[in-house]
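Treat the numbers as computed from the prediction; the structure is a model and nothing was measured.
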Amino acid sequence: FEMTDLGDLHYFLGMEIWRDQDHIFLGQNKYCQKILTTFGMEDCKSVTTPVEQGVKFSNEDSSEKVDATLYRKVIGMILYLSNTRPDIAYAVSLLSSFSHCPR
C-alpha cells in the first residue's frame with residue numbers, strides 16, 4: 001500500500017500538538033473553551049486547586065438531586081480534558097464516583 005506524508009501533526013482528537021527543537025507539547029485549549037461555552041462559564045474565575053481540601057462528599061445527603069444526564073456529560077467532557085491536565089484528574093475521578101446518583 002502507498003503512504004502519504006501529511007506533514008507535522010497540529011490537531012488530533014481535540015488535542016493540539018506543537019513542538020520545538022527538543023520537545024513535543026500537548027494541549028486542549030480549544031476543547032477547554034468549548035466546555036466553558038457549552039455550560040455558559042466563559043467568564044468564570046480560575047482556581048489553583050479544583051477541590052477544596054478536607055471536604056467530605058456523600059450521596060446520603062438531603063440536598064436536591066441534579067439532572068443526571070447533564071452531570072454525566074460534564075464529567076465525561078472534563079474526564080477527557082484530564083488527559084492533558086493531570087492536576088484535575090483527582091477532582092474529576094472523585095466527582096465521577098457520584099455519577100450514578102448526583103446531588
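Residues forming a side chain to side chain donor-acceptor pair (under 3.5 Å) with Asp22 (at least two apart in sequence, or on another chain): none. Listed by chain and residue number, Arg85 satisfy the salt bridge (charged side-chain N to carboxylate O under 4.0 Å, His left out) test with Asp87 (two or more places apart in sequence, or in another chain). For the side-chain contact (heavy atoms from CB on, under 4.5 Å) test, no residue two or more places apart in sequence or in another chain qualifies with Ser97. For Ala68, the side-chain contact (heavy atoms from CB on, under 4.5 Å) criterion is met by Arg72, Pro102, not counting sequence neighbours.
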Please tabulate, for side-chain N and O atoms in residues 3-13, each donor-acceptor pair with protein atoms closer than 3.5 Å (sequence neighbours left out).
{"unit_1": "Asp5", "atom_1": "OD1", "unit_2": "Gly7", "atom_2": "N", "d": "3.0"}

Just do the side chain to side chain contact (heavy atoms under 4.5 Å, CB included) check on Tyr31 and Glu16 with the steps written out, would you? CA-CA 9 Å; Tyr31 186 69; Glu16 300 160 34; over 6 Å; no
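Linking Ile, Leu, Val, Met, Phe, Trp and Tyr whenever their side-chain heavy atoms come within less than 4.5 Å leaves Tyr80 and Phe25 in two separate clusters. Residues Met41 and Val47 do not share a hydrophobic cluster, defined by chaining ILVMFWY side chains whose heavy atoms lie under 4.5 Å apart.
When all heavy atoms of Ala89 and Ser82 are compared, the pair lying nearest together is CA-CB, 4.2 Å. When every heavy atom of Met77 is checked against every heavy atom of Thr38, the shortest pair comes out as CE-OG1, 4.4 Å. Nearest approach of Ile17 to Leu26, heavy atoms of both residues: CG1-CD2, 3.4 Å.
Side-chain contact between Leu79 and Ser96 is absent, with no heavy-atom pair separated by less than 4.5 Å. Counting heavy atoms from C-beta outward, His23 and Trp18 have side chains that stay 4.5 Å or more apart.
The salt bridge (Lys or Arg N to Asp or Glu O under 4.0 Å) analysis of residues 24-42, with sequence neighbours excluded, yields no pairs.
Annotation: the span from Gln28 atom CD to Thr84 atom OG1 amounts to 3.5 Å, rounded to 0.5 Å. Expressed to the nearest 0.5 Å, how far OG of Ser93 lies from CD1 of Ile78 amounts to 12.0 Å.
When the shell of 6.0 Å around CZ of Phe39 is examined, it contains more than 12 heavy atoms from other residues, nucleotides or ligands.
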